[in-house]
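Input: a single structure, listed below in structure tokens.
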Protein chains: 2
Amino acid sequence: MAQAATTSTPPTSPVVPGMACQHGRAACADCKVRLLSVCAALNEQELAEIESLSQSCCFAPRSALFSQEQPADAVFNVTEGMVRLYKLLPDGRRQIVGFALPGDFLGLALLDRYGVSAEAVTETRACRFPRKTFAEYVDEKPHLLRRLHEFAGHELSLAQDQMVLLGRRSAEERIAAFLVGLRERLARIGQSSVTLSLPMSRQDIADFLGLTIETVSRTFTKLAKDKVLLVVPDGARIMNPERLEAIARG
Amino acid sequence: MAQAATTSTPPTSPVVPGMACQHGRAACADCKVRLLSVCAALNEQELAEIESLSQSCCFAPRSALFSQEQPADAVFNVTEGMVRLYKLLPDGRRQIVGFALPGDFLGLALLDRYGVSAEAVTETRACRFPRKTFAEYVDEKPHLLRRLHEFAGHELSLAQDQMVLLGRRSAEERIAAFLVGLRERLARIGQSSVTLSLPMSRQDIADFLGLTIETVSRTFTKLAKDKVLLVVPDGARIMNPERLEAIARG
DNA sequence: GTGCATGGTTGACCTGCATCAATGTCGCAG
DNA sequence: CTGCGACATTGATGCAGGTCAACCATGCAC
């Protein structure tokens with residue numbers, strides 16, 4: 001369980017090996033609440049209030065935050081690491097519907113049951129808000145609810161973009177769009193670096209893009225041959241951003 | 001502009017030919033506001049209030065309710081007919097992200113710009129709420145906002161299901177899931193009938209399922225050969241619901 | 001009636017990606 | 001060190017679904 005961590009962000013706040021824990025454990029006490037995404041809608045006092053509602057918690061790679069169809073008893077705000085969100089078909093086929101990064105909310109729809117399963121990709125930290133407490137707090141703060149609703153709208157928009165990708169685009173376009181999108185998201189949360197880190201496995205990428213690991217691998221190789229990017233262990237160095245973006249937008 | 005209408009629901013409230021109009025026109029005066037989906041969250045007085053904020057309006061087949069990237073100046077609640085929601089790629093490839101039926105909301109995210117384009121499939125009626133007015137009203141009714149938020153969560157869930165379909169399922173499974181899903185939605189709004197009406201074109205179905213018209217057509221033929229359904233003009237008669245559902249769930 | 005446009009079906013063929021299989025690499029256990 | 005398991009790459013082959021093309025049915029204009 002405790003092993004040298006392959007962190008998603010080597011330079012910033014490396015995860016200490018052996019800290020893997022579940023919510024409420026003592027080792028989590030120092031996790032900092034970072035309500036990155038909604039803080040704009042809250043003043044200092046409210047931020048402190050909502051912070052007091054949360055428990056910090058950590059997840060080792062591969063551990064589940066929650067599973068599809070489970071009663072949705074908590075909302076999460078990822079503060080560090082990466083989470084994959086996926087659905088399974090009865091025969092085991094998997095579709096990853098998204099990767100959550102620091103600042104992202106999970107379970108925000110406040111529905112009775114989780115619609116997807118969530119699993120830590122890397123060592124991950126998150127704030128956990130018991131759903132009831134969170135819902136009660138939100139119900140008293142319309143401007144916060146309004147902001148959450150805008151968030152949901154934004155997520156829906158991303159899901160629709162992904163539908164275009166899955167329904168109408170070639171393998172190369174999918175890979176390019178994936179890399180460009182990930183780079184933009186990392187940049188937005190201040191994690192841009194020379195090499196784009198790809199902590200998820202080829203299988204994860206394939207299951208996100210509706211491809212197979214072999215096609216993902218071959219496409220990376222092809223893009224490398226075309227001098228668009230350079231595949232490195234756990235990441236990629238984008239050599240020709242313009243070209244990559246051109247492929248990404250179709 | 002005015003032509004004999006191919007209605008989505010032949011038996012119930014046929015659309016009178018020649019009534020095609022844009023919002024605000026006199027011919028729309030008799031459109032009834034049906035806030036099917038949210039009315040559970042509103043009492044009689046509130047229902048009257050919100051009704052007074054809306055204009056009824058009609059759309060002829062192929063006419064646009066709004067376009068992607070346009071300023072989102074209105075929210076719509078479809079009351080009759082069918083609307084396709086889609087995104088276009090620069091080269092013209094189209095992905096339909098959903099079909100809106102009576103009771104469905106459009107533009108509910110209350111974002112600044114529409115994320116998709118919306119076009120009437122059949123003669124369509126809708127309630128139009130100016131966005132500013134709607135947003136102001138909603139901001140004063142937290143329980144309504146809460147309900148809208150749940151709605152958005154439900155839509156996100158549907159979008160994720162569609163991602164699974166587009167990323168991981170065969171043509172036959174897509175068609176089956178599409179028919180089963182449509183039948184369930186029609187049943188929920190009381191439009192179930194012996195033959196499932198399919199007012200949208202083959203191209204629409206193809207662009208929704210990430211296929212080509214030829215594959216859609218062939219798959220219908222195959223399902224007909226297998227005695228699962230019977231394709232009729234503008235619709236399908238499901239002969240073997242159990243089998244169809246089995247295919248649909250994978 | 002003819003001519004034309006639109007939409008759907010069917011067949012023949014092609015190809016992009018999946019499948020199957022072999023091989024390489026790394027990290028870890030013993 | 002050897003052996004093993006997880007993961008990635010690469011090649012050979014297959015096939016589901018795309019592409020191209022012919023054809024038919026319907027509806028409308030004239």
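Lettering of chains follows the sequences in order, A, B, ..., and the numbering in each one begins at 1.
The separation between B:Arg168 atom CZ and C:dA18 atom C1' is 10 Å, rounded to whole Å. Nucleotide D:dA16 holds its P atom 16 Å from the CD1 atom of B:Ile175, rounded to whole Å. Note: CG (A:Leu230) to C1' (D:dT9) measures 16 Å, nearest angstrom. Rounding to whole angstrom units, CG of residue A:Asp234 and P of C:dT25 are separated by 17 Å. Atom-to-atom, CZ of B:Arg169 to C1' of C:dA18 comes out at 18 Å; the value is rounded to the nearest Å. Rounded to whole Å, the distance from CG on B:Asp204 to C1' on C:dG8 is 14 Å. Remark: C1' of D:dC7 and CZ of A:Arg202 are 9 Å apart, rounded to the nearest angstrom. When the P atom of D:dG18 is taken as reference, atom CD of B:Gln203 falls 11 Å away, rounded to whole Å.
Note that CG of B:Leu229 and CG of B:Asn240 are 9.5 Å apart. Values are rounded to the nearest 0.5 Å.
Counted within 6.0 Å of CZ on B:Arg93, heavy atoms from surrounding residues, nucleotides or ligands total more than 12; the atom is thus considered enclosed. More than 12 non-hydrogen atoms from other residues, nucleotides or ligands lie less than 6.0 angstrom from CZ of A:Arg185.
Residues from residues 207-223 of chain A with heavy atoms under 4.0 angstrom of DNA chain C, sorted by number: A:Gly210, A:Leu211, A:Thr212, A:Glu214, A:Thr215, A:Arg218.
As judged by a 4.0 angstrom heavy-atom cut-off over every strand, A:Arg62 is placed among residues touching the sugar-phosphate backbone only.
Here B:Arg84 pairs with B:Glu119 in a salt bridge; the nearest charged N to carboxylate O distance falls below 4.0 Å.
For A:Arg94 and A:Tyr86, the positive end sits near the middle of the six-membered ring, less than 6.0 Å away and at most 45° from its axis.
Counting only residues at least two apart or in different chains, ring pair (Phe, Tyr, Trp, His ring centres under 6.0 Å) contacts with residues 157-184 of chain B comprise B:Phe178-B:Phe208.
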